[in-house]
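Data first, discussion second: the structure below is written as structure tokens.
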Amino acid sequence: MSISPLHDWNLAPSEAIALQKRLASRVERADRLEPVRHLAGVDIGFEQGGEITRAAVVVLAWPPGASGEFEPATLEIVEQVVHREPTRMPYVPGLLSFREVPAAVAAFDELTVWPELVMVDGQGIAHPRRIGVASHLGLWLDLPTIGVAKSRLCGRHGEPGPARGDWTPLVDGPEDEVIGAVLRSRVKVKPIFVSPGHRVSLPTSLAWVIRCLGPTKLPEPTRLADRLASRRGRVG
DNA sequence: GCGACAG
DNA sequence: ATCTTGTCGC
């Protein structure tokens, strides 16, 4: 499957910021998704001191199947791809997408099964210019995306309740605009930050992340991609 | 000028 | 993100 490029990725910081401001208006915050049959998780890892970028995509079947009587539902892995390429940009807070999206898009290019929804390791609109890596990737792939981050980039929030599934809004700006949710995905564990990426609302984003929660703090799509990208899990 | 700062 | 030993808990 080929994806048409929308711009050149080797930009100076000021140019990247200007581009984000233009692209932000194209990010859709209302639900516009097809029935989900395949869900994907994406994450990027690095090798050789950061010289090599590893993009991992894991495609899971939906709905989940029961692994057996009294066993929890399991998300079956339909396909996995690992794409390696030279790293092109350093990490700059707020400009993460310019470093990670190219490799992620290349990995999606190798998929034979196209998902209807994607969970990305990082922020969606919970970003200074409302276009984090999840939103940016969604724009490029023209797919609904949800951002699932392990820590905060911007915004204010209170402490979510102690129960699994408890959450509190993440707000930002002078008007306290709601840009995401701080979700307690596991009891007694630091919460995760969920935000709409592209073509998905916050309620829908939260619903999907919660229904994909497995035994660990991260939802299964992101957890599996994380494992693959950091070469802990199976080989690519 | 002084912090804060996804991965 | 990645580099890394030991340690706490189910």
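Convention: sequence-line order gives letters A, B, ...; per-chain numbering from 1. Here the structure is a predicted model, which means the values were calculated and not measured.
- Using modelled atom types and a 3.5 Å distance limit, the side chains of A:D31 and A:S201 yield a donor-acceptor pair.
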For this session: Tell me, with the steps shown, if A:W167 and A:H157 meet side chain to side chain contact (heavy atoms under 4.5 Å, CB included).
Result: CA-CA 10 Å; A:W167 61 275; A:H157 65 86; over 6 Å; no

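- Two residues are said to be in side-chain contact when any heavy atoms from C-beta on lie closer than 4.5 Å; A:R37 and A:E116 meet this criterion.
- A salt bridge links A:R29 to A:E177: at least one charged side-chain nitrogen sits closer than 4.0 Å to a carboxylate oxygen.
- For A:E51 and C:dT2, the CD to C1' distance is 13 Å, given to the nearest whole Å.
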Between the protein and nucleotides 3-7 of chain B, are there any N/O to N/O pairs under 3.5 Å, and if so, what are the atom names and distances?
| unit_1 | atom_1 | unit_2 | atom_2 | d |
| --- | --- | --- | --- | --- |
| B:dA4 | O3' | A:R152 | NH2 | 3.3 |
| B:dC5 | OP1 | A:R152 | NH2 | 2.6 |
| B:dA6 | OP2 | A:Y91 | OH | 2.6 |
| B:dA6 | N7 | A:G94 | N | 3.2 |
| B:dA6 | N6 | A:G94 | O | 3.1 |
| B:dA6 | N6 | A:L95 | N | 3.4 |
| B:dA6 | N6 | A:L96 | N | 3.2 |
| B:dA6 | N1 | A:V133 | N | 3.1 |
| B:dA6 | N3 | A:Q123 | N | 3.2 |
| B:dG7 | OP1 | A:K150 | N | 2.7 |
| B:dG7 | OP2 | A:S151 | OG | 3.0 |

For this session: Toss me the dot-bracket line for DNA chain C: Watson-Crick and G-U wobble, both under 3.5 Å, 5' to 3', using | for pairs to another strand and [ ] for crossers.
Result: ..........

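- Between the C1' atom of C:dG9 and the CZ atom of A:R186 lies a distance of 12 Å, rounded to the nearest Å.
- If you check the side chains of A:E159 and A:T168, you find no donor sitting under 3.5 Å from an acceptor.
- Annotation: A:W114 is in aromatic contact with A:F108 [ring centroid separation under 6.0 Å].
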For this session: Show your reasoning for whether side chain to side chain contact (heavy atoms under 4.5 Å, CB included) applies to A:C212 and A:M119.
Result: CA-CA 10 Å; A:C212 285; A:M119 285 192 194; 3.9 Å; yes

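- Between A:D172 and A:R130, at least one side-chain nitrogen of the basic residue sits less than 4.0 Å from a carboxylate oxygen of the acidic one, meeting the salt-bridge criterion.
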